[in-house]
Amino acid sequence: MAKKTGMKLIANNKKAYHDYFILETYEAGIALHGTEVKSLRMGKCSIKEAFIRVENEEVFIYGMHISPYEKGNIFNKDPLRVRKLLLHKYEIRKLLGKTKEKGMTLVPLKVYLKDSLVKVEIGLARGKKLYDKRQDIAKKDQQREAQRDFKVRNFG
């Protein structure tokens, strides 16, 4: 049978890029139950408050909200339950070593469907200071103004 190819974005954590410097990214599978997959296919997921921990050489995501499937009845699971992420052992060991460094953490960046499988993009991140956030906001404002000026000159 032919598989669908491509990627469909389900959830994006824009706040993570504002609050953290993303140093490395990893793609992980996620252990789900049937009704959770159906909810994700409908786009009912939030990772705004989610975080990731490495425990006993396994990786877990906490605070990921997957809305209950409407037709799931008794098969629905708790929307905020802890879910296991699927990574290779060498990746887990590398992440464990990196997160033990001061100021390093793991954050979920995206949830998406890739070739009909649910994947989570996780980022190894270091927190930004307040002045770093202010610099990013100022840079974005300058880019927006430059784009506005460009549109006015070309279309005005």
Side-chain angles (χ1 to χ4, degrees), residues 3-70 72 76-144 146-147:
K3 281 187 174 181
K4 285 184 180 179
T5 57
M7 221 171 83
K8 178 188 174 192
L9 184 65
I10 298 169
N12 194 5
N13 190 357
K14 292 180 183 178
K15 191 167 173 31
Y17 291 99
H18 177 72
D19 291 340
Y20 300 99
F21 291 111
I22 308 299
L23 305 175
E24 293 180 38
T25 60
Y26 297 87
E27 181 180 74
I30 185 168
L32 298 169
H33 293 281
T35 56
E36 292 177 322
V37 175
K38 290 181 179 183
S39 287
L40 286 171
R41 288 187 189 278
M42 294 171 59
K44 298 187 174 186
C45 176
S46 174
I47 55 172
K48 289 181 183 175
E49 302 296 322
F51 61 96
I52 297 170
R53 281 194 187 150
V54 181
E55 300 168 355
N56 300 325
E57 293 199 10
E58 291 182 329
V59 183
F60 297 96
I61 186 167
Y62 293 83
M64 178 179 176
H65 186 275
I66 299 176
S67 297
Y69 183 58
E70 296 167 0
N76 282 329
K77 302 293 180 188
D78 178 28
L80 288 172
R81 75 181 182 86
V82 177
R83 294 169 179 90
K84 182 178 177 180
L85 296 180
L86 308 172
L87 290 160
H88 291 282
K89 283 286 186 193
Y90 71 89
E91 290 177 317
I92 295 172
R93 289 186 186 120
K94 183 177 177 182
L95 289 173
L96 182 62
K98 296 266 187 169
T99 55
K100 289 194 179 199
E101 293 177 23
K102 187 177 179 183
M104 302 296 276
T105 188
L106 294 171
V107 291
L109 302 174
K110 296 178 190 171
V111 177
Y112 54 92
L113 287 167
K114 181 179 178 184
D115 297 330
S116 74
L117 298 172
V118 179
K119 299 288 185 176
V120 178
E121 183 178 287
I122 59 177
L124 181 65
R126 184 172 24 92
K128 287 185 179 179
K129 304 285 185 204
L130 185 59
Y131 58 84
D132 291 328
K133 293 178 188 179
R134 287 182 186 148
Q135 287 174 352
D136 285 349
I137 291 170
K139 189 188 297 182
K140 286 179 186 176
D141 287 343
Q142 287 175 349
Q143 288 174 348
R144 266 191 231 113
Q147 286 177 348

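The ring pair (Phe, Tyr, Trp, His ring centres under 6.0 Å) search around Phe60 returns none, not counting sequence neighbours. Take Lys140 and apply the side-chain hydrogen bond (donor to acceptor under 3.5 Å, both in side chains) test, not counting sequence neighbours, and it matches no residue. Partners of Asp141 under the side-chain hydrogen bond (donor to acceptor under 3.5 Å, both in side chains) rule, at least two apart in sequence or in another chain, are Arg144. When the side-chain contact (heavy atoms from CB on, under 4.5 Å) test is applied to Lys15, the partners found at least two apart in sequence or on another chain are Asn13, Asp19. In this structure, the side-chain hydrogen bond (donor to acceptor under 3.5 Å, both in side chains) partners of Lys84, at least two apart in sequence or on a different chain, are Glu58. Under the rule for a salt bridge (Lys or Arg N to Asp or Glu O under 4.0 Å), the partners of Arg93 that lie at least two apart in sequence or sit in another chain are Glu57. Taking the side-chain hydrogen bond (donor to acceptor under 3.5 Å, both in side chains) definition, one finds that Tyr62 meets it with Glu55, sequence neighbours left out.
Closest of all the heavy-atom pairs between Leu87 and Glu27 is CD2-O, 3.6 Å.
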Just list the side-chain donor-acceptor pairs under 3.5 Å for residues 96-109, sequence neighbours left out, or say none.
residue, atom, partner, partner atom, Å
Lys98, NZ, Glu24, OE2, 3.3
Thr99, OG1, Leu95, O, 3.0
Thr99, OG1, Leu96, O, 3.1

Pairs of donor and acceptor atoms involving the side chains of residues 39-54, under 3.5 Å and at least two apart or interchain, shall be tabulated with distances.
residue, atom, partner, partner atom, Å
Ser39, OG, Thr35, O, 3.4
Ser39, OG, Ser67, O, 2.7
Ser39, OG, Tyr69, N, 3.2
Arg41, NH2, Ser116, O, 3.3
Lys44, NZ, Glu70, OE2, 3.0

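For residues 91-123, no pair satisfies ring pair (Phe, Tyr, Trp, His ring centres under 6.0 Å), with sequence neighbours left out.
Contact annotation: the side chain of Met64 approaches that of Ile30 to within less than 4.5 Å [non-hydrogen atoms, C-beta and beyond]. A 4.5 Å side-chain heavy-atom check between Leu113 and Val118 finds at least one atom pair inside the cut-off. A heavy-atom distance below 4.5 Å is found between the side chains of Arg83 and Ile66.
Of the inter-residue distances, the one linking Lys119 atom NZ with Ile122 atom CD1 reads 12.0 Å to the nearest 0.5 angstrom. To the nearest 0.5 Å, the span separating NZ on Lys94 from NE2 on His88 amounts to 13.0 Å. The distance from atom CG of Asn12 to atom CD of Glu121, rounded to the nearest 0.5 Å, is 8.5 Å.
In Tyr20, the OH atom is not crowded: 12 or fewer heavy atoms of neighbouring residues, nucleotides or ligands sit closer than 6.0 Å.
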